[in-house]
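Just so you know, residue 1 is the first one in the sequence shown, and it goes up from there.
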Amino acid sequence: MKTYEMLYILDSAASDEAKDAVIKKFEDIILGVNGKVVSTDKWGVKKLAYPINYKSDGYYVLTTFEAEGSVIKELDRVAGLTAEVLRRVITAKN
């Protein structure tokens, strides 16, 4: 298994329960394919470099995990369908 990092920005206007539900959803996807969540760092609300969907700030979350490469497509697909996610990027960590 390889180590990956997923950095995503959530809508800062979403409730804390909604943010936690999105974070748990991504962690459950990783655990569902026998992956391992190494850490989830909640960076909090930060100003965006440019407006996204007319929003000037977002809630940043960095999740480090170990999994097979097949989970990347599923995480990207689910993140694209989740309304609270403004942006996301998944990278392999060496």
Side-chain angles (χ1 to χ4, degrees):
M1 288 194 286
K2 285 184 77 172
T3 303
Y4 295 95
E5 288 182 332
M6 178 177 177
L7 177 65
Y8 50 102
I9 306 170
L10 300 176
D11 185 356
S12 61
S15 68
D16 289 339
E17 293 82 19
K19 291 174 191 169
D20 289 340
V22 171
I23 294 168
K24 182 170 177 8
K25 178 177 13 176
F26 292 143
E27 289 177 348
D28 288 345
I29 291 171
I30 295 164
L31 296 174
V33 294
N34 297 324
K36 175 184 166 193
V37 176
V38 177
S39 67
T40 298
D41 298 323
K42 299 174 185 173
W43 293 355
V45 177
K46 299 199 180 291
K47 185 165 176 28
L48 300 173
Y50 54 89
I52 302 173
N53 296 342
Y54 305 104
K55 301 189 185 324
S56 60
D57 54 0
Y59 187 84
Y60 284 70
V61 180
L62 175 69
T63 300
T64 305
F65 61 96
E66 296 175 359
E68 298 297 328
S70 60
V71 74
I72 302 304
K73 279 188 176 181
E74 180 63 11
L75 277 172
D76 193 46
R77 184 187 73 80
V78 172
L81 295 173
T82 305
E84 292 86 4
V85 177
L86 300 177
R87 290 284 188 273
R88 79 270 185 197
V89 64
I90 304 171
T91 58
K93 185 176 177 185
N94 291 335

Query raised in the report: Apart from Met1 itself, what residues make up its hydrophobic cluster when side-chain heavy atoms of I, L, V, M, F, W and Y under 4.5 Å apart count as a link, directly or indirectly?
Result: none

Report task. Please confirm whether the backbone N or O of Lys55 pairs with a side-chain atom of Asn53, one donor and one acceptor, at under 3.5 Å? Result -> no

Report task. Treating Ile, Leu, Val, Met, Phe, Trp and Tyr as nodes and any side-chain heavy-atom pair under 4.5 angstrom as an edge, say whether Trp43 and Val89 lie in one connected cluster. Result -> yes

Report task. Would you check if Thr40 and Leu62 make a side-chain contact, meaning some heavy-atom pair closer than 4.5 Å? Result -> no

Report summary line: One should read off an interatomic distance between Met6 CE and Ile90 CD1, to the nearest 0.5 angstrom, of 4.5 Å

**Report entry** Distance in Å, Ser12 OG paired with Glu84 CD, rounded so as to fall on 0.5 Å steps
**Finding:** 12.0 Å

Query - Working for side chain to side chain contact (heavy atoms under 4.5 Å, CB included), residues Ile52 and Arg87 - result: CA-CA 9 Å; Ile52 302 173; Arg87 290 284 188 273; 3.5 Å; yes

Query raised in the report: Can Thr82 and Lys25 be counted as having a side-chain donor-acceptor contact under 3.5 angstrom?
Result: yes

Requested in this report: Tell me, with the steps shown, if Tyr8 and Phe26 meet side chain to side chain contact (heavy atoms under 4.5 Å, CB included).
Outcome: CA-CA 11 Å; Tyr8 50 102; Phe26 292 143; 3.6 Å; yes

Query raised in the report: Where do Leu75 and Phe65 land on the side chain to side chain contact (heavy atoms under 4.5 Å, CB included) test, with the steps shown first?
Result: CA-CA 12 Å; Leu75 277 172; Phe65 61 96; 3.6 Å; yes

Query - Test log, rule side-chain hydrogen bond (donor to acceptor under 3.5 Å, both in side chains), inputs Lys47 and Ser56 - result: CA-CA 6 Å; Lys47 185 165 176 28; Ser56 60; 5.1 Å; no

Query - Within 45° cone and under 6.0 Å: Lys46 NZ/CZ vs Tyr60 ring - result: no

Query raised in the report: Got Leu7 and Val61 here, is their nearest side-chain heavy-atom distance under 4.5 Å?
Result: no

Query raised in the report: About how many Å separate CD of Glu66 and OG1 of Thr3, when rounded to the nearest 0.5 Å?
Result: 4.0 Å

Query raised in the report: Are the charged groups of Asp20 and Lys24 less than 4.0 angstrom apart, N to O?
Result: no

Report task. Could you grab the distance from atom CD of Glu68 to atom CG of Asn34, nearest 0.5 Å is fine? Result -> 9.0 Å

**Report entry** Side-chain H-bond candidate by donor/acceptor type, Glu27 with Thr63, under 3.5 Å
**Finding:** no

Report task. Flag yes if Val78 and Leu31 sit in one hydrophobic cluster, no otherwise; membership is Ile, Leu, Val, Met, Phe, Trp, Tyr, and two members link when side-chain heavy atoms are under 4.5 Å apart. Result -> yes

Report task. Under the side chain to side chain contact (heavy atoms under 4.5 Å, CB included) rule, what do Tyr4 and Ile72 come out as? Steps first, then yes or no, please. Result -> CA-CA 9 Å; Tyr4 295 95; Ile72 302 304; 3.7 Å; yes

Requested in this report: Please tell me if the side chains of Ile9 and Arg88 come closer than 4.5 Å, counting only heavy atoms from C-beta onward.
Outcome: no

**Report entry** Hphob cluster co-occupancy, Tyr50 + Leu86, side-chain heavy atoms under 4.5 angstrom
**Finding:** yes

Query raised in the report: Is any side-chain heavy atom of Glu74 closer than 4.5 Å to a side-chain heavy atom of Val33?
Result: no

Query raised in the report: Are the side chains of Val22 and Val85 in touch, meaning some heavy atoms are under 4.5 Å apart?
Result: yes

